[in-house]
Amino acid sequence: MIVIIDYGIGNLASVLNMFKKVGVKDVIISGDKEEITRADKLLLPGVGAFDTAMNNLEQSGLIPVLNDKVLVQKVPILGICLGMQLLTKRSEEGTKAGLGWINAETVKFNLDPALKLKVPHMGWNYIKVQRENKLIDTQSKNRFYFVHSYYVNCFDESQSLATSNFGTDFTCMVNKENIFGAQFHPEKSLKFGMKMLENFAKI
Amino acid sequence: MLAKRIIPCLDIKNGRTVKGINFEGLRDAGDPVELAVSYAQQGADELVFLDINATNENRKTLTELVTRIAKQINIPFTVGGGINSIEDVSILLNAGADKVSINSAAIKEPTLLKKLTKQFGSQCIVLAIDTKFENDAWFVYLNGGRIKTNLRTPDWAKQAAELGVGEILLTSMNNDGTKKGFANTITQQISELVNIPVIASGGAGKIEHFRDAFNIGKADAVLAAGVFHFKEIEIQELKKYLKENKIEVRI
């Protein structure tokens with residue numbers, strides 16, 4: 001069973017809808033400790049502000065359960081958008097510590113004004129997959145849908161699974177063992193994103 | 001490289017798609033969900049649904065429609081029309097909308113924008129501006145273009161960007177429904193004034209108009225309704241043309 005973690009933030013229905021569309025039926029949205037304990041995969045969605053999300057996660061009391069599932073039981077987890085940023089140690093967007101499962105920090109786009117690029121980085125962009133993995137084809141020539149003002153800066157390059165370019169190359173997917181993150185929205189990225197969700201369900 | 005976006009807009013009235021000319025004279029243009037699915041398949045980058053008959057009574061109808069749309073489409077979509085509180089936004093986002101667009105309510109209470117972006121994040125709050133050129137200046141209108149304000153459009157856009165909105169949807173009332181092209185002068189002015197994406201809207205008639213909105217208007221995205229609804233312009237053809245004209249699009 002895949003549990004989409006409900007911690008009072010974000011658009012949870014879209015991810016659920018897309019899992020169902022690709023035929024993955026055993027998926028629920030839940031913030032219940034018991035149900036999360038029984039999950040064999042986890043999905044951490046998220047939109048909005050870093051500190052609000054971390055506050056909600058803390059208040060939900062789910063962090064010890066999640067630490068156990070992810071770090072001890074090594075259950076596959078996929079963080080999407082802000083959910084990926086929460087996997088890092090901290091964010092320039094706030095003052096709270098992140099989950100720290102990925103050796104990285106989240107920083108704001110600090111682009112040369114001469115480039116005339118608008119932040120948020122909003123829309124469809126290409127990604128470059130760095131190595132073989134279970135979620136996405138290394139030859140992916142497709143665009144994915146992004147909407148974000150902050151990005152993940154990996155301290156350990158080996159944890160950067162894919163990059164995209166917006167004035168600068170930045171990490172748009174992370175991976176360490178069972179932990180995955182995508183800065184873009186697979187649930188909003190047509191069949192290419194849906195394929196990724198399908199692959200995640202098969203891990 | 002980030003692609004320029006093509007965004008079909010569906011004006012919604014009582015659960016149906018409608019299309020008007022100069023904000024008046026409505027024609028029926030089909031079932032919103034069917035149209036949405038078809039646009040996504042044809043290569044639309046995003047969709048916008050505007051409830052042009054928003055009242056408290058039919059808010060439930062809109063929410064149900066949003067839920068239906070979210071089950072069917074796998075590209076981002078924005079919902080707007082009569083949204084005036086944190087609760088309204090929360091309900092629509094929970095129903096599956098990716099972004100909401102705020103118009104009149106933000107003019108009446110600009111701090112609403114700050115509250116919304118803080119609560120939900122800049123990325124999902126779009127400021128819609130209906131603007132009209134009169135007496136040598138662009139003014140902001142509210143209530144679906146029915147009431148003029150004394151606000152100058154550049155001032156309002158700048159203020160909204162400072163309040164944290166993630167995007168501006170700029171509709172020129174002078175151009176809307178005319179099929180004579182977008183209001184490129186004001187679009188360019190706003191686009192260069194704020195450091196957030198600007199969507200040009202109002203006036204699409206030919207594929208060249210889209211090219212001009214990107215090249216002259218410096219728009220990050222272009223929105224149109226009638227030309228797509230009535231199949232006067234096919235999205236695939238439009239994108240092919242833009243690509244040939246060196247505009248980065250997703251094909």
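Lettering follows sequence order; numbering is per chain, from 1.
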More than 12 heavy atoms of other groups within 6.0 Å of Lys158(B) NZ: no
Closest non-hydrogen atom pair between Ile196(B) and Val119(A), with its separation: CG2-O, 3.5 Å
Side chains of Ile75(B) and Trp124(A) in contact at under 4.5 Å (non-hydrogen atoms): yes
Residue list, side chain to side chain donor-acceptor pair (under 3.5 Å) with Asp220(B), at least two apart or on another chain: Lys118(A)
Shortest non-hydrogen separation from Gly166(B) to Pro120(A) and the atoms involved: O-CD, 3.6 Å
Test item: Arg143(A) side-chain N/O and Leu2(B) main-chain N/O as donor-acceptor pair under 3.5 Å: no
Residue Glu157(A) excluded, over 12 heavy atoms near CD under 6.0 Å: no
Over all atoms of both residues, closest heavy-atom pair of Gly123(A) and Arg5(B): CA-CD, 4.0 Å
Heavy-atom contact with chain B under 4.5 Å, split by part of Asn125(A): both
Side chain, backbone, both or neither of Ala221(B) within contact of chain A (heavy atoms, under 4.5 Å): neither
Distance (rounded to the nearest 0.5 Å) between Met1(B) CE and Leu117(A) CG: 8.0 Å
Among Ala3(B), Pro76(B), Gly121(B), residue most engaged with chain A (heavy-atom pairs, under 4.5 Å): Pro76(B)
Top contributor to chain B interface from Val47(A), Asn165(A), Thr52(A), Leu16(A) [non-hydrogen pairs under 4.5 Å]: Val47(A)
Approximate separation, where rounding is to 0.5 Å, of Lys21(A) NZ and Lys71(B) NZ: 11.0 Å
Chain B interface, residue from Gly48(A), Ser14(A), Pro186(A) that has the most non-hydrogen pairs under 4.5 Å: Gly48(A)
Exercise: identify the closest heavy-atom pair between Lys118(B) and Ala49(A): O-CB, 4.5 Å
Nearest heavy-atom neighbours spanning Glu46(B) and Tyr145(A): OE2-OH, 2.8 Å
Pairwise distance CZ(Arg250(B)) to CZ(Phe144(A)) - rounded to 0.5 angstrom: 11.0 Å
Closest heavy-atom pair and its distance - Met122(A), Lys99(B): SD-NZ, 3.3 Å
Asn110(A) atom CG: more than 12 heavy-atom contacts under 6.0 Å: no
Toward chain A, the part of Thr117(B) with a non-hydrogen atom under 4.5 Å: neither
Winner by heavy-atom pair count (cut-off under 4.5 Å) against chain A, out of Gln41(B), Glu248(B), Lys218(B), Lys4(B): Glu248(B)
Ile69(B) CD1 to Asn17(A) CG distance, which is reported to the nearest 0.5 Å: 12.0 Å
Interface residues of residues 187-203 of chain A facing chain B - heavy atom cut-off under 4.5 Å: Glu187(A), Lys188(A), Ser189(A), Leu190(A), Lys191(A), Met194(A)
